[in-house]
Amino acid sequence: MSDLVSRVPDSQIHGDAGHRVDRLVHPAEVRGPHDLCLLMGKGALGLLKAGGGKFSCAVIERQLADAPESGAVLDGLTAYLLVDRPRYALACLSPMFRQRSQPVAGVHPSAVIEDGVVLGEDVSIAAGVWIGEGVKIGDRSVVMANASICEQAEIGEDCLFYPGVYVGHRVQIGKRVIVHANASLGGDGFAFDSAQPNSAEAAREVRAISGGGSQRLERIESLGRLRIEDDVEVGACTAIDRATLGETVIERGTKIDNLVQIGHGNRVGKDVLLCAQVGLAGSSKIGDGAVLAGQVGVVDHRVIGANSVIMAKSGVTKDVPADQVCYGMPARPARDVLREHVWVTRLDRVFKRLAALEARLEDTSDSH
Amino acid sequence: MSDLVSRVPDSQIHGDAGHRVDRLVHPAEVRGPHDLCLLMGKGALGLLKAGGGKFSCAVIERQLADAPESGAVLDGLTAYLLVDRPRYALACLSPMFRQRSQPVAGVHPSAVIEDGVVLGEDVSIAAGVWIGEGVKIGDRSVVMANASICEQAEIGEDCLFYPGVYVGHRVQIGKRVIVHANASLGGDGFAFDSAQPNSAEAAREVRAISGGGSQRLERIESLGRLRIEDDVEVGACTAIDRATLGETVIERGTKIDNLVQIGHGNRVGKDVLLCAQVGLAGSSKIGDGAVLAGQVGVVDHRVIGANSVIMAKSGVTKDVPADQVCYGMPARPARDVLREHVWVTRLDRVFKRLAALEARLEDTSDSH
Amino acid sequence: MSDLVSRVPDSQIHGDAGHRVDRLVHPAEVRGPHDLCLLMGKGALGLLKAGGGKFSCAVIERQLADAPESGAVLDGLTAYLLVDRPRYALACLSPMFRQRSQPVAGVHPSAVIEDGVVLGEDVSIAAGVWIGEGVKIGDRSVVMANASICEQAEIGEDCLFYPGVYVGHRVQIGKRVIVHANASLGGDGFAFDSAQPNSAEAAREVRAISGGGSQRLERIESLGRLRIEDDVEVGACTAIDRATLGETVIERGTKIDNLVQIGHGNRVGKDVLLCAQVGLAGSSKIGDGAVLAGQVGVVDHRVIGANSVIMAKSGVTKDVPADQVCYGMPARPARDVLREHVWVTRLDRVFKRLAALEARLEDTSDSH
């Protein structure tokens with residue numbers, strides 16, 4: 001256990017510091033004395049009690065240990081670690097228990113490497129990968145099977161690209177970037193126009209135009225780039241488009257979940273969380289530390305301030321200041337929207353009270 | 001026709017049982033006497049009438065045949081099958097008319113099979129497939145072109161994996177599982193934490209915190225598994241993540257459409273239908289036989305009871321009991337939400353009635 | 001500049017027509033006298049003023065030039081093009097500035113071409129591509145790395161398929177079609193039924209049935225086709241399913257963004273725009289020139305009229321006539337829905353006015 005305590009800030013070890021730990025598992029999967037599990041939340045002490053002698057070692061949320069009934073239960077453990085932030089402890093400890101086999105450095109014979117490619121030291125290029133002309137890949141980066149990386153793309157050190165990932169030409173990717181399976185980085189933006197007004201334009205002004213569909217839509221080529229900074233993670237089947245001119249940017253440390261759409265020209269700040277199925281139309285700016293929960297949409301040319309939180313399924317149609325919590329379609333301060341939701345559920349009473357008033361007034365009139 | 005009748009429960013054949021059938025087609029595509037079509041719903045009899053001699057054989061919803069005007073029309077057919085549930089009849093009959101060429105058993109020379117892989121009998125591994133160390137694939141399973149299957153994954157018998165599918169390490173897949181193109185099975189969960197409170201945490205409590213974005217987000221490694229049971233189908237570009245600890249589970253017979261997101265630690269029950277673009281955040285339980293219609297979202301740690309139906313675009317934020325129909329964001333009993341929708345459309349009248357009451361009361365006051 | 005003016009209808013050149021242009025860039029990226037940028041919208045003149053001598057040549061929205069203060073600013077440019085529709089000018093000019101390397105014609109040695117494949121002139125088949133039996137590909141079409149094209153598919157001239165694209169058997173694709181990375185064209189439809197009523201059926205009738213989940217779901221095979229006409233573009237990770245019987249059709253000139261779901265049997269008209277994450281359940285008809293904004297959903301068997309606009313995040317549950325703008329879930333005329341949104345925000349006043357009326361009426365009663 002002693003090697004664990006040094007990994008988690010402000011953690012304390014109790015019991016036998018020399019106790020050996022083999023696996024980090026879910027409490028339901030503890031099989032032997034060397035299976036470490038994490039106990040957090042209300043039910044955890046009960047779990048420990050019910051487990052009888054099954055649990056030998058654990059990582060435990062500190063406030064649980066402070067509970068009066070916890071003493072006897074904890075005494076039954078051979079060793080445990082008290083931590084302030086159990087999920088953060090998991091972030092610190094989980095890398096020690098990864099069970100993946102290490103990718104073999106080198107280029108698999110079935111991979112195709114075009115001219116002018118520069119590969120750093122200990123790069124691993126798996127079976128079926130295609131790497132276009134002039135691509136640069138930094139030291140120790142891993143490109144898994146059947147990924148395709150187009151010409152002039154630049155990828156930093158210690159990146160991990162899962163199978164089937166697509167990287168477009170001239171895309172720039174920083175260090176320690178993880179991209180999950182079948183993501184598409186640097187596709188062309190969804191940008192078209194026609195010689196005469198078309199229904200897409202009308203859409204922006206919330207009106208329809210007759211004959212709008214008779215206009216042939218011509219592609220606006222995406223001449224711009226996509227740039228992804230260090231420590232970004234991109235989910236499976238997520239699509240991030242390059243800019244028309246200029247660049248689409250994902251800044252340092254931002255984490256993007258599966259099936260997210262990031263249209264052309266967006267700039268996503270640092271340490272942002274974009275949850276699954278979020279969609280950013282285009283040319284918006286997402287401030288540092290913002291959180292967009294699942295299935296949120298953002299129309300084009302919007303600014304979301306730093307640290308703001310957009311609740312699940314909301315649609316951002318106007319700029320959001322910093323440090324706001326917004327909700328709904330259209331997204332507005334969550335407090336207002338939640339209050340209005342309650343009002344709507346009480347509309348039956350409004351109708352009843354109106355009817356009562358009307359009846360009463362009728363009586364009053366009659367009585368005159 | 002006689003070989004068809006045995007396939008469909010409670011079906012009855014009329015006319016020439018020996019009539020030959022070559023194709024099963026849309027009514028609009030009937031070209032000759034051996035083209036079988038399915039006639040169901042209100043417009044079907046009219047179609048048959050209008051078709052004149054074009055239709056020779058058909059599968060017909062029984063209640064259509066019971067209509068008084070149908071006798072003469074049906075007499076014009078050489079043979080027809082009466083069925084109670086026309087869509088179920090289609091499920092029974094359509095496998096007889098598949099036009100796909102049978103995949104060739106064996107391993108294509110361009111596929112890459114790592115050490116320790118165990119392939120069952122008559123397995124078909126297509127061009128460009130990569131199969132990692134220690135993978136097991138059951139008899140007659142088919143892996144189509146450019147799929148990538150990582151180390152220690154286990155796949156049962158009679159599975160069909162379309163091109164570009166990704167299967168992560170140690171993922172367990174049952175028998176007769178179908179996975180459509182470019183799906184991602186067993187990616188890492190979207191799980192991060194920081195040493196100090198961050199805006200993601202604030203988001204859970206519907207508040208923003210200043211400086212939340214200054215916290216560096218650390219990955220919580222996904223040490224858990226993904227397990228998919230028998231007879232499951234997974235749509236194209238769908239992403240299902242492995243658990244942090246423990247397992248993500250998709251139980252027997254569940255059908256998942258395209259572009260669905262299933263986050264880490266969810267447990268989806270038996271015979272569930274997850275329609276296109278549904279998103280499950282994480283650690284939720286979906287009961288047997290539940291139906292989540294298109295674009296539904298479910299926040300984390302929720303329970304949806306057996307046989308419940310969540311209508312399209314709803315957002316589940318609270319537990320749903322069994323046998324419920326829910327709707328809206330947040331999802332509540334559909335009846336309540338639909339009634340409130342009507343109330344809202346009548347708000348103009350509320351404002352008018354209020355104004356009338358106020359005016360009248362003004363008069364009443366004045367008259368005193 | 002003189003070669004540019006001929007490309008843009010109704011454009012006029014001012015200054016040195018012989019001025020050389022090397023790049024078309026974002027105004028923020030102008031580095032030298034031969035960098036052309038596009039200036040449109042309110043802020044553009046200010047940008048030009050602030051830029052000092054940095055800007056030498058530009059494409060400028062005509063109405064900016066008409067502003068009284070613009071004369072002096074424009075005089076500072078060596079050459080500029082005045083255009084009526086700046087975005088359309090971008091569509092006309094951007095193809096001249098593409099920086100991609102031309103794909104090499106021919107079949108890469110690592111590609112696998114099955115029997116009976118017919119490739120047109122100057123077709124380019126990249127590394128790792130698999131092409132099934134009997135596929136036909138028209139002149140000059142390009143299939144990028146690791147794409148998989150199944151038996152009997154037919155692809156027209158001048159198409160561009162990005163890496164990882166999947167094309168199902170017998171899918172028919174027209175000329176000049178662009179398909180972005182990891183899209184899935186022609187997967188099986190999401191169609192299942194059971195011998196007895198199941199919860200999916202109940203869902204259609206907004207009711208739950210007990211034991212609905214005990215019914216085993218049987219696949220209805222997709223015997224139909226997918227047909228995509230000329231000049232269609234399909235986004236990354238988009239999934240379009242084939243029909244059960246008959247065909248799913250995407251008509252000429254329609255543009256489909258990333259992560260869009262098009263279920264079985266839909267017919268999407270000409271010059272339609274389907275923005276990112278749109279979902280069409282099945283068997284719907286989308287009229288020519290319609291625009292479905294981001295994250296819109298359409299339930300099955302609906303008709304959306306020509307040139308109609310469905311605003312972002314709406315859910316179409318009923319037919320929409322032509323030339324309508326609809327919004328909300330369920331989608332209704334946008335004007336109505338937006339007005340109701342305002343009413344809801346004013347519900348606090350309704351409660352106050354009701355209370356005031358009740359109090360007053362109480363007084364009135366008391367006074368009798």
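Reckoned from all heavy atoms, side chains included, excluding hydrogens, waters and symmetry mates. Residue numbering restarts at 1 for every chain, and letters A, B, ... go by the order of the sequence lines.
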Q | chain B contact via C:V337 - which portion, at a heavy-atom distance below 4.5 Å | A | neither
**Q.** Between C:E340, C:E218, C:K313, the one whose heavy-atom pairs under 4.5 Å with chain B are most numerous
**A.** C:E340
(Q) Given heavy-atom pairs under 4.5 angstrom as the criterion, report whether the side chain, backbone, both or neither of B:L292 touches chain C. (A) neither
Q) In Å, rounded to the nearest 0.5 Å, how long is the span from OG of B:S314 to CE of C:M329? A) 6.5 Å
Q.
Heavy-atom pairs under 4.5 Å with chain C: which of B:L90, B:D10, B:T254, B:D231 has the most?
A. B:L90
Q. In terms of heavy-atom pairs under 4.5 Å, which option from C:S222, C:G315, C:G297 contacts chain B the most?
A. C:G297
Q. Could you state the interatomic distance from CG (B:L36) to CG (C:L245), rounded to the nearest 0.5 Å?
A. 9.5 Å
Q: For B:R85 and C:D193, work out which heavy atoms get closest and say how close.
A: NH2-OD1, 3.1 Å
Q. For C:L347, is it the side chain, the backbone, both, or neither that has a heavy atom closer than 4.5 Å to a heavy atom of chain B?
A. side chain
Q) chain C heavy atoms under 4.5 Å from B:A28: which part of the residue, side chain, backbone, both or neither? A) neither
**Q.** Part of B:M144 lying under 4.5 Å from any heavy atom of chain C
**A.** side chain
Q | Gap between atom OG1 of B:T238 and atom CD of C:Q261 - 0.5 Å precision | A | 8.5 Å
Q: Tell me, for B:P95 versus chain C, whether the close heavy atoms (under 4.5 Å) come from the side chain, the backbone, both or neither.
A: both
(Q) Give the interface residues of residues 161-169 of chain C toward chain B, defined by a heavy-atom separation under 4.5 Å. (A) C:G164, C:Y166, C:H169
Q. What part of C:A183 gets closer than 4.5 Å to chain B, counting heavy atoms only: side chain, backbone, both or neither?
A. backbone
Q. Roughly how far, to the nearest 0.5 Å, is the CZ atom of C:R225 from the CD atom of B:E29?
A. 4.5 Å
Q | Contacting moiety of C:T244, where chain B heavy atoms sit under 4.5 Å | A | side chain
Q | Toward chain B, the part of C:V350 with a non-hydrogen atom under 4.5 Å | A | both
Q: Please flag which part of C:A195 lies under 4.5 Å from any non-hydrogen atom of chain B: side chain, backbone, both or neither.
A: both
Q.
Between C:R349 and chain B, with a heavy-atom cut-off of 4.5 Å, which part of the residue counts as in contact: side chain, backbone, both or neither?
A. neither
Q: Looking only at non-hydrogen atoms, find the nearest pair between B:R87 and C:F192 and report the distance.
A: NH2-O, 3.1 Å
Q. Hey, what do you get for CG (C:L223) to NE2 (B:H26), rounding to the nearest 0.5 Å?
A. 12.5 Å
Q.
With a strict 4.5 Å heavy-atom criterion, list every residue of residues 125-134 of chain C that contacts chain B, or say none.
A. C:G128, C:W130
Q) Shortest non-hydrogen contact from C:L217 to B:G253? A) CD1-O, 4.2 Å
Q: Can you sort out the partners of B:H341 under ring pair (Phe, Tyr, Trp, His ring centres under 6.0 Å), two or more places apart, ordered by chain and number?
A: B:Y327
Q | Under 4.5 Å from any heavy atom of chain B - which part of C:D241 | A | side chain
Q | Test side chain to side chain contact (heavy atoms under 4.5 Å, CB included) applied to B:V104 - qualifying residues, sequence neighbours left out | A | none
Q) Given that the side chain runs from C-beta out, which part of B:L93 has a heavy atom under 4.5 Å from chain C: side chain, backbone, both or neither? A) neither
Q.
Using heavy-atom distances under 4.5 Å, tell me whether C:V298 contacts chain B through its side chain, its backbone, both, or neither.
A. neither
Q) Heavy-atom distance under 4.5 Å to chain B: side chain of C:A356, backbone, both or neither? A) neither
Q) At their closest point, which heavy atom of C:C237 faces which heavy atom of B:L259, and how far apart are they? A) O-CD2, 3.3 Å
Q. Under a 4.5 Å heavy-atom cut-off, does chain B meet the side chain of C:Q152, its backbone, both or neither?
A. neither
Q: Count the heavy atoms of every other residue, nucleotide or ligand shown that sit under 6.0 Å from NZ of B:K255, and state whether that count exceeds 12.
A: yes
Q: Check whether B:N182 gets within reach of chain C through its side chain, its backbone, both or neither, counting any heavy atom under 4.5 Å.
A: side chain
(Q) Out of B:A89, B:A91, B:G294, return the one with the most heavy atom pairs under 4.5 angstrom to chain C. (A) B:A91
Q | chain C contact via B:A147 - which portion, at a heavy-atom distance below 4.5 Å | A | neither
Q: Select one option (side chain, backbone, both, neither) describing which atoms of B:C275 are under 4.5 Å from chain C's heavy atoms.
A: both
Q) Can a salt bridge be assigned to the pair B:D348 and C:R339 using a cut-off of 4.0 Å between side-chain N and carboxylate O? A) no
Q: Measure the CG-CD1 distance between C:D188 and B:I178 for me, rounded to the nearest 0.5 Å.
A: 7.0 Å
Q: Measure across C:V278 and B:Q277 and return the closest heavy-atom pair with its distance rounded to 0.1 Å.
A: O-NE2, 3.2 Å
Q) chain C heavy atoms under 4.5 Å from B:T345: which part of the residue, side chain, backbone, both or neither? A) both
Q) Who wins among B:L354, B:V25, B:V8 for the most heavy-atom pairs under 4.5 Å with chain C? A) B:L354
Q: Mind ranking B:I256, B:V291, B:D84, B:N258 by heavy-atom pairs under 4.5 Å with chain C and telling me who comes out on top?
A: B:N258
